[in-house]
Amino acid sequence: MVVLIVLISVGAGVVNNYLKLKANAKSDKGADEDIRRVLGEVDRLKERVRVLEKIVTDQERQLSDEIRKLA
């Protein structure tokens, strides 16, 4: 749950930066590269969320935690 909150916060920050860059894109020729960089960051964050969701929902991890609790 904490990881999800952090990821949402980071994602909101990235989106906020993206929107600011988009608003300034008309006057800034280099904004296209920045937008691509931000979209790349968003894609990386999405992939990290997928990996974290896989880790958290992994049945073997849960079984391992249960075995450690018994020991």
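This chain uses plain numbering: 1 for the first residue, then up along the sequence. Worth saying up front: this structure is predicted, and the values here are computed from it rather than measured.
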| query | Roughly how far, to the nearest 0.5 Å, is the CZ atom of R68 from the CG atom of D65? | reply | 5.0 Å
| request: Could you tell me whether R44 and E47 make a salt bridge, using a distance below 4.0 angstrom between a side-chain N and a carboxylate O? | output: no
| task | Enter the distance from R50:CZ to L52:CG here, rounded to the nearest 0.5 Å. | result | 11.5 Å
| message | With a 4.5 Å cut-off on side-chain heavy atoms, are L39 and Y18 touching? | response | yes
| request: Would you check if K54 and V51 make a side-chain contact, meaning some heavy-atom pair closer than 4.5 Å? | output: no
